[in-house]
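Some notes on the structure that comes next.
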Amino acid sequence: MPLSPIYLDSCLQDQTCTVISLHGELDAKLQLVNLGFHRHSHIKVILCRGDSLILNIDGSRFAIDRELAKKIEVELLS
């Protein structure tokens, strides 16, 4: 039975995941790719606070809002 998709907005602080796919409008996808969100990129959730997530993506730190995080399908690694 296939697992239901998990999106980055539902990840918890200190969890690590890898990008499976990006969803949404082309502009949003391009913005994410330019920030380093590529298929199989590793993401560590540093901090979840309100509507923001602080992330470490392949050595760089970014803050994104939960609306954008809802467009990033991930697989949990830890």
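Given the structure is predicted, the values throughout are model-derived calculations rather than measurements. Note: hydrogens, waters and symmetry copies are ignored here, and every other heavy atom, side chains too, is used. Nothing fancy with the numbering, it's 1 onward along the sequence.
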Requested in this report: Could you tell me whether a side-chain N or O of R66 sits under 3.5 Å from a main-chain N or O of S10, the two making a donor and an acceptor?
Outcome: no
**Report entry** F37 CZ to I64 CD1 distance, which is reported to the nearest 0.5 Å
**Finding:** 4.5 Å
Query raised in the report: Can you find a heavy atom in the side chain of L12 that is under 4.5 Å from one in the side chain of C48?
Result: no
Query raised in the report: Which value, rounded to the nearest 0.5 Å, describes the distance between K71 atom NZ and L8 atom CG?
Result: 13.0 Å
Query raised in the report: Honestly curious: do L53 and F62 fall in one hydrophobic cluster under the side-chain, below-4.5 Å linking rule?
Result: yes
Requested in this report: Nearest 0.5 Å please: distance from the OG atom of S41 over to the CD1 atom of I72.
Outcome: 10.0 Å
Query - I43 side chain reached by N56 side chain, heavy atoms, under 4.5 Å - result: no
Requested in this report: Could you tell me the separation between the CG atom of L68 and the CG atom of L35, rounded to the nearest 0.5 Å?
Outcome: 7.5 Å
Report summary line: Between the CD1 atom in I57 and the CD1 atom in I46, the distance rounded to the nearest 0.5 Å is 10.0 Å
Query raised in the report: Got a donor-acceptor contact below 3.5 angstrom from the T18 side chain to the H40 backbone?
Result: yes
Query raised in the report: Is L32 close to V19 at the side-chain level, that is, under 4.5 Å between some pair of heavy atoms?
Result: no
Report task. Calculate, to the nearest 0.5 Å, the distance between atoms NZ and CG belonging to K44 and L77 respectively. Result -> 11.0 Å
Requested in this report: Would you please say whether a donor-acceptor pair under 3.5 Å links the side chains of S21 and E73?
Outcome: yes
Query raised in the report: So, do H42 and D58 sit near enough that their side-chain heavy atoms are less than 4.5 Å apart?
Result: yes
Requested in this report: Answer with yes or no whether the hydrophobic clustering places I20 together with V45; edges join I, L, V, M, F, W, Y residues whose side-chain heavy atoms lie under 4.5 Å apart.
Outcome: no
Query - Non-neighbouring partners of K70 that pass side chain to side chain donor-acceptor pair (under 3.5 Å), sequence neighbours left out - result: E67
